Amino acid sequence: MLFARLAQVSRDVAAAAARSRKTELLAELFRDAAADDVPIVIPYLAGRLPQGRIGVGWRVLSRAVPPAAGPALTVQEVDALLTELGAVSGPGAQAERTRIVGALMGAATEEEQRFLRGLLTGEVRQGALDAVAVEGLARATGADPARVRRAVMLAGSLQTVARALLAEGPGALERFGLTVGRPVLPMLAQSASSVAEAVRKLGACAVEEKLDGIRVQVHRDGDAVRVHTRTLDDITDRMPEVTAIARELAADQFVLDGEVISFGADGRPRSFQETAGRVGSRTDVAKAAGQVPVSPVFFDVLAVAGRDLLDLPFAERHAELARLVPEPMRVRRTVARGPKDIAEAERFLAETLARGHEGVMVKALAAPYSAGRRGAAWLKVKPVHTLDLVVLAAEWGHGRRTGKLSNLHLGARTADGGFAMLGKTFKGMTDVMLAWQTKRLRELAVEDDGWVVRVRPELVVEIAYDGLQRSSRYPAGVTLRFARVVRYREDKRPEEADTVEALLAAHPEVTP
DNA sequence: TTCCGACAGTGGGGTCGCAAT
DNA sequence: ATTGCGACCCCACTATCGGAA
């Protein structure tokens with residue numbers, strides 16, 4: 001199949017507003033794909049490379065190459081070049097990557113170049129990713145979309161399911177049950193603004209401490225133990241503490257879901273930055289483990305001793321978990337039977353925060369484990385802080401925010417009467433706010449370099465954030481975690497904005 | 001007809017590893 | 001040694017489509 005066909009379909013998908021139309025366009029293409037092309041075509045149209053990320057980003061792509069006059073590249077040729085690209089390493093790698101990208105881009109038409117750039121940066125922006133591709137695949141093969149989706153979640157891979165489905169038909173789906181040793185997409189949570197709201201919504205529920213670490217899925221099959229992250233990356237080699245613990249548990253086959261986190265000598269959790277740094281260290285794992293040991297803390301079990309527990313209610317899965325995993329390696333929790341237990345749930349949240357944790361997860365006791373879904377059966381509750389900050393500058397947006405000032409540079413007052421930048425945010429704005437702030441900030445503009453518009457520091461905005469973290473980038477030595485706009489405060493003058501001093505005083509656990 | 005679940009988009013900061021300087 | 005880039009951790013929020021109520 002010609003690569004140009006894919007680029008064309010991607011453009012048509014982007015242009016279609018209705019999701020049903022996008023699905024149909026993808027289905028047409030999948031039906032026409034030859035068996036050898038399927039493992040390539042499917043991920044491409046889901047906006048990903050079958051090779052995963054291959055070391056090419058905006059920098060390499062910024063070197064322009066004139067497009068080819070007509071379409072000639074085949075899907076197989078593109079795939080071969082990208083495989084070659086992914087294997088490049090060692091001295092001279094940058095030049096070699098540039099050479100291969102140049103060869104690829106030089107053989108591509110303008111439209112193919114656009115699609116390739118999207119694939120390589122992971123930003124195809126066609127309004128369709130995995131979920132729509134799954135629908136398209138179901139339509140192309142006549143399979144039940146819900147069953148295809150479930151197979152993809154359990155296989156942890158769209159192209160694996162696609163290949164089997166297109167080769168063998170809907171019967172192939174039976175094969176993709178939960179298999180110990182093969183990672184499953186983890187169940188995700190939505191947010192709730194308070195414990196009371198969460199408990200009222202879910203009824204009988206567990207309230208569990210939410211640890212600020214790295215999500216892990218641990219598989220053991222006899223002596224074979226594997227540890228995977230939320231995106232199913234294999235980090236087994238970096239987690240010797242976790243594999244050792246998994247081998248000591250009293251079952252030789254299981255799949256556990258949990259979090260790894262590092263505790264300090266005082267028993268309190270280390271900062272997310274410290275845990276993440278440890279989990280990211282791979283050159284000298286023994287040394288890193290000596291300095292920052294991590295502990296797994298489990299909250300769910302998906303399989304044990306040959307039994308698949310996914311469809312059991314959480315209450316029953318947790319009973320299995322308690323049998324398998326001893327107390328200190330399980331997340332602390334309390335159970336709320338309904339609204340009458342809200343006070344107890346709130347007490348548990350306060351206690352959890354006092355222990356230095358992030359917040360709580362509220363989970364419906366009746367809910368099955370919905371792999372890969374961000375369902376409403378799990379709700380996270382974290383305390384939210386707010387500040388009144390001053391807009392120092394704004395950046396021009398991209399995609400649907402093109403032509404709008406989007407990303408705000410936020411400043412707090414300093415002792416000398418100036419402002420110290422604390423970070424940026426693009427979150428929380430409605431379209432109306434985007435339009436309003438673009439107009440207002442242009443009135444305040446003092447400089448526009450085409451990327452950043454600097455403004456007179458006069459506009460006050462209320463910002464919500466989850467906490468402070470250390471920063472080497474910003475002048476105060478700290479930055480806001482997950483900053484988002486709540487509302488503009490036109491009733492406030494910049495002299496009334498919050499100060500760096502007050503911010504640091506409110507977060508004594510973080511020192512710049 | 002209205003409501004709501006699921007998705008995609010729009011990007012944020014930090015850390016590590018690697019290659020280039 | 002330092003710097004820049006890319007990958008991958010953590011993530012919030014809004015708009016939109018389309019099925020459910």
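Remember, it's a predicted structure, so these values are computed and weren't measured experimentally.
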Practice task
Give a yes/no answer on whether the side chain of A:Thr283 brings an N or O atom under 4.0 Å of OP1 or OP2 in B:dG17.
Solution key: yes
Practice task
For the pair A:Arg53 (side chain) and A:Leu120 (backbone), establish whether a donor and an acceptor sit closer than 3.5 Å, ignoring hydrogens and angles.
Solution key: yes
Problem - Distance in angstrom units between A:Arg19 CZ and C:dG19 P, rounded - result: 11 Å
Exercise for the section: Write down the atom of A:Val384, the atom of A:Ala464, and the distance for their closest heavy-atom approach. Expected result: CG1-CB, 3.7 Å
Completion exercise
Between its two end axes (five pairs each) the helix from B:dA8-C:dT14 to B:dT21-C:dA1 turns, nearest 10 degrees, through 10°
Completion exercise
Whole-Å distance, A:Arg401 CZ to C:dT14 P, equals 10 Å
Practice task
Could you check how far CG of A:Asn407 sits from P of B:dG9, rounded to whole Å?
Solution key: 18 Å
Problem - Side-chain N,O (A:Arg473) to OP1/OP2 (B:dG12) below 4.0 Å - result: no
Practice task
For nucleotides 6-13 of chain C, just jot down a letter per nucleotide in 5' to 3' order: B, S or -, based on protein non-hydrogen atoms under 4.0 Å.
Solution key: SSSSBBBS
Practice task
Indicate whether any N or O donor in one side chain lies under 3.5 Å from an N or O acceptor in the other, for A:Glu197 and A:Ser194.
Solution key: no
Fill in the blank from the handout: Separation of B:dC18 atom P from A:Asp284 atom CG, nearest Å, is 13 Å
Handout entry: Centroid separation A:His398 to A:Phe426 less than 6.0 Å
Key = no
Practice task
Could you go through the side-chain contact (heavy atoms from CB on, under 4.5 Å) check for A:Arg226 and A:Asp234 one step at a time?
Solution key: CA-CA 7 Å; A:Arg226 304 258 55 141; A:Asp234 189 329; 3.2 Å; yes
Practice task
Consider only side-chain N and O atoms of A:Ser406 and A:Arg401, and report whether a donor and an acceptor are under 3.5 Å apart.
Solution key: yes
